[in-house]
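Inspection log for the structure reproduced underneath, given as structure tokens.
Naming: A, B, ... by sequence-line order, numbering from 1 per chain. Values in this document were obtained by computation on a predicted structure and should not be read as measured data.
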Amino acid sequence: MKTRSQTGPKPLKTVALAPRPSSPKRRLRPKPSGKGDPRAPKKPPTAFFYFLEDFRKTYKQENPSAKTMREIGKACGEKWKTMTFEERVKYYDIATEKRAEFEKAVVEYNKKKDSGEMSEESDVDYN
DNA sequence: CGTGTGATTGTTGAT
DNA sequence: ATCAACAATCACACG
């Protein structure tokens with residue numbers, strides 16, 4: 001948290017890493033110009049991400065020289081589609097549980113706000 | 001030195 | 001119903 005304005009936004013995208021046949025800039029991330037809630041529950045990883053977590057380990061073992069997620073991501077996505085529903089269901093189940101927990105966290109998060117942490121910057125821990 | 005970018009799909013909120 | 005944004009992660013580029 002610091003130097004965000006100091007460093008300034010870097011819209012410079014050096015694509016020298018990987019050639020993009022077509023750059024479908026899918027989603028740009030507009031920076032929250034407003035404020036971010038420090039205790040706002042973030043979205044839980046999707047089933048795909050859990051698969052990634054497991055896949056990364058395997059990929060690293062077979063390819064210790066694995067560069068980064070970008071390469072793994074593609075490999076994962078390709079394999080993910082080849083996986084049968086039964087195999088994917090395993091990860092869906094995990095994600096589903098996490099989502100339930102996530103929703104619960106949101107409720108508590110709202111409670112804290114109701115507690116009195118509405119807009120004062122007091123660093124009091126209500127834990 | 002710090003941070004933004006890119007790539008993957010799934011989930012969710014908003015309109 | 002449909003779009004857009006964000007979730008983890010890591011090498012690399014830029015100021």
**Prompt:** How long is the span from the CZ atom in A:Phe48 to the SG atom in A:Cys76, to the nearest 0.5 Å?
**Reply:** 5.5 Å
**Request:** Measure the CG-OG1 distance between A:Leu52 and A:Thr46 for me, rounded to the nearest 0.5 Å.
**Result:**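 So the gap between those two atoms works out to 8.0 Å.
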**Message:** Applying side chain to side chain contact (heavy atoms under 4.5 Å, CB included) to A:Lys90 and A:Tyr50, what does each step give before you reach the verdict?
**Reply:** CA-CA 10 Å; A:Lys90 174 170 106 193; A:Tyr50 285 109; over 6 Å; no
Nearest-angstrom distance from the residue atom [atom1] of [X] to [atom2] of [N]:
X: A:Lys42; N: C:dA7; atom1: NZ; atom2: P; answer: 6 Å
X: A:Phe51; N: B:dT8; atom1: CZ; atom2: P; answer: 15 Å
X: A:Lys98; N: C:dC6; atom1: NZ; atom2: P; answer: 23 Å
X: A:Phe85; N: B:dG10; atom1: CZ; atom2: C1'; answer: 13 Å
X: A:Leu52; N: B:dG10; atom1: CG; atom2: P; answer: 11 Å
X: A:Arg56; N: C:dA11; atom1: CZ; atom2: P; answer: 11 Å
X: A:Met83; N: B:dG10; atom1: CE; atom2: C1'; answer: 14 Å
X: A:Phe48; N: B:dG10; atom1: CZ; atom2: C1'; answer: 9 Å

**Request:** Check every atom of C:dA7, B:dT8, B:dT9 against the side chain of A:Trp80 and return the nucleotide holding the closest atom.
**Result:** B:dT9
**Request:** Between C:dT9, C:dA7, B:dA7, spot the one nearest the side chain of A:Phe49, thanks.
**Result:**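 Between C:dT9, C:dA7, B:dA7, the one nearest the side chain of A:Phe49 would be C:dA7.
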**A:Glu87 side chain vs A:Thr84 backbone, donor-acceptor pair below 3.5 Å** = yes
**Prompt:** To which residues is A:Phe102 joined in a hydrophobic cluster, defined by side-chain heavy-atom contacts under 4.5 Å among Ile, Leu, Val, Met, Phe, Trp and Tyr, whether direct or through other members?
**Reply:** A:Val106
**Nearest heavy atoms of A:Lys81 and A:Arg88, plus distance in Å** = CA-NH1, 4.1 Å
Dump every N/O contact between nucleotides 11-15 of chain B and the protein below 3.5 Å, one line per pair.
residue	atom	partner	partner atom	Å
B:dT11	O3'	A:Arg99	NE	3.4
B:dT12	OP1	A:Arg99	NH1	3.0

